[in-house]
Amino acid sequence: MTFKSLEMSRVGAGSLRAIEIGVTSRCNFRCDYCGAYDLLERKILSVEDVANVIDTLPDLQRVKLSGGEVLLEFDICEGIVQYCTSKGIETQINSNGTVLDEEKFERLEAAGLSVLHFSLNHTDAASHSAFYRVTEKMFSKIVTAISRAVASPSIDTVVETILFDETESRMAQVHRFAADLGVRKHEIQMEIPSVHQGYENTLDSDRICTAIADLIEHRDPRTTLFFSCLSAYLRPGSAGWKRLQPLFRDPGVIYASCIEGKAQLHLHSNGDVMICELGNPDVIGNVFETDMLTMYEESPKLKAFVQSKHEDQTFSCFRHFDKPGQKVANPGGVALLGMPTLVARPASE
């Protein structure tokens with residue numbers, strides 16, 4: 001199995017082949033576009049908890065670990081990867097890269113990690129620091145981690161960039177920066193509306209298509225582009241969809257179809273199971289009360305989602321896309337989290 005192989009094969013419903021696990025909601029960043037299910041949740045799934053879930057899923061092929069910053073619980077991640085490797089299941093860790101060091105890389109390699117997936121939306125420390133409200137040294141940690149992962153003999157390295165107003169005009173610049181670090185797989189994630197910070201959709205389909213077209217025109221031939229969640233913005237047959245279709249004839253440009261609900265579910269750190277953490281975080285059960293396979297096979301809510309989203313293609317799954325291109329007032333009265341303030345530290349740090 002390779003990165004995005006399930007999404008590229010356009011699997012159908014009927015077999016739960018992948019799960020994404022939010023081991024923890026803790027994070028050393030506070031991204032204003034964060035799509036995590038519950039940032040205030042402080043429960044943590046143990047290796048045993050995850051193993052018990054995995055053992056109930058006979059068709060499972062891939063496990064993704066995310067957060068929060070999931071590597072803040074490094075020992076748990078290592079244990080889950082080791083368990084999956086022993087079962088022949090591919091693993092992926094989504095991380096900002098700032099907590100990795102040589103020892104942890106060696107442990108992940110020994111555990112059998114398949115894919116290490118980094119977030120990268122900037123090309124210099126100053127802009128990264130200003131946007132994320134962290135010290136500039138964080139950016140160098142990310143670059144060092146990506147470079148080390150690229151050099152790994154066993155870990156497949158992927159960099160992800162979000163297409164949103166912050167990156168819209170410089171997607172090609174970020175792409176070239178990643179390619180020059182040795183990255184050969186670059187995922188482009190469509191903008192994720194967030195209920196945590198009040199960050200909503202700001203790009204309409206025309207701007208999305210223009211940014212994608214410019215990026216593909218300037219694609220580094222050494223690096224493959226993978227586009228995710230396009231179906232949340234562009235319905236098949238729409239003008240934007242028709243505009244992009246010729247661009248995906250390039251073998252180095254991959255359209256990753258959505259498998260959420262069909263072949264993948266999300267498990268949160270408190271045991272809640274969701275159809276999709278990003279686009280449709282409807283809870284269909286809890287693994288401490290019902291096994292995940294039963295939920296997958298019997299949930300009326302899940303069946304309705306698959307019918308509408310995947311079979312009838314009648315709606316865009318992201319939370320509030322009735323008016324794309326416009327900011328939406330705080331949906332549902334959700335409590336917004338305050339952004340951290342950058343604290344100056346002595347240069348010696």
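In this text, all values refer to a predicted model and were calculated from it rather than measured experimentally. Any value given below was found using the heavy atoms of this structure, including those in side chains, with hydrogens, waters and symmetry copies removed.
From Asp156, atom CG reaches atom CD of Gln92 across 9.0 Å, with rounding to the nearest 0.5 Å.
Between Glu109 and Arg148 there is a salt bridge, since a side-chain N of the basic residue sits under 4.0 Å from a carboxylate O of the acidic one. Between Lys4 and Glu187 there is a salt bridge, since a side-chain N of the basic residue sits under 4.0 Å from a carboxylate O of the acidic one. A salt bridge does not link Arg107 with Asp101: every distance from a Lys NZ or Arg NE/NH1/NH2 to an Asp or Glu carboxylate oxygen is 4.0 Å or more. Between Arg222 and Asp180 there is a salt bridge, since a side-chain N of the basic residue sits under 4.0 Å from a carboxylate O of the acidic one. In summary, Arg219 and Asp250 engage in a salt bridge, as defined by a charged side-chain N under 4.0 Å from a carboxylate O.
Note on Ile275: it clusters hydrophobically with Met295, by side-chain heavy-atom contacts below 4.5 Å among ILVMFWY residues. Tracing side-chain contacts under 4.5 Å through hydrophobic residues (I, L, V, M, F, W, Y), one reaches Ile80 starting from Ile44; they form part of the same cluster.
Residues in residues 255-270 take part in no salt bridge (charged side-chain N to carboxylate O under 4.0 Å, His left out) pair, two or more places apart or across chains.
With Ser308 contributing its side chain and Ala304 its backbone, the two residues share a donor-acceptor pair below 3.5 Å. The closest donor-acceptor contact from the side chain of Thr294 to the backbone of Thr290 lies at 3.5 Å or more, if one exists at all. The backbone N or O of Leu6 sits less than 3.5 Å from a side-chain atom of Ser9, completing a donor-acceptor pair. Put simply, the side chain of Ser299 gets close to the backbone of Leu302: a donor and an acceptor are under 3.5 Å apart. Between the side chain of Ser95 and the backbone N or O of Gly97 there is at least one donor-acceptor pair closer than 3.5 Å.
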What do the steps show when you test Glu69 against Arg26 for salt bridge (charged side-chain N to carboxylate O under 4.0 Å, His left out), and what is the final call? CA-CA 6 Å; Glu69 174 45 55; Arg26 292 199 304 127; over 6 Å; no
Run the side chain to side chain contact (heavy atoms under 4.5 Å, CB included) check on Ile155 and Ser114 step by step: do they pass? CA-CA 5 Å; Ile155 296 176; Ser114 309; over 6 Å; no
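Ring-plane geometry between Phe248 and Phe227 is classed as perpendicular, the angle between the planes exceeding 60 degrees on a 0 to 90 degree scale with a lower cut at 30. Between Phe139 and His128, the ring-plane angle classifies as tilted under the 30° and 60° cut-offs.
Between the side chains of Tyr132 and Asn96, no donor N or O sits under 3.5 Å from an acceptor N or O. With hydrogens and angles left out, the side-chain atoms of Ser129 and Lys137 include no donor and acceptor closer than 3.5 Å.
Counting only heavy atoms from C-beta outward, the side chains of Leu215 and His175 approach each other to under 4.5 Å.
Residues passing the salt bridge (charged side-chain N to carboxylate O under 4.0 Å, His left out) test with Glu7, sequence neighbours excluded: Arg62.
Remark: aromatic rings of His122 and Phe177 are distant, center separation not under 6.0 Å.
In the displayed structure, Glu102 atom CD is contacted under 6.0 Å by more than 12 heavy atoms of other residues, nucleotides or ligands.
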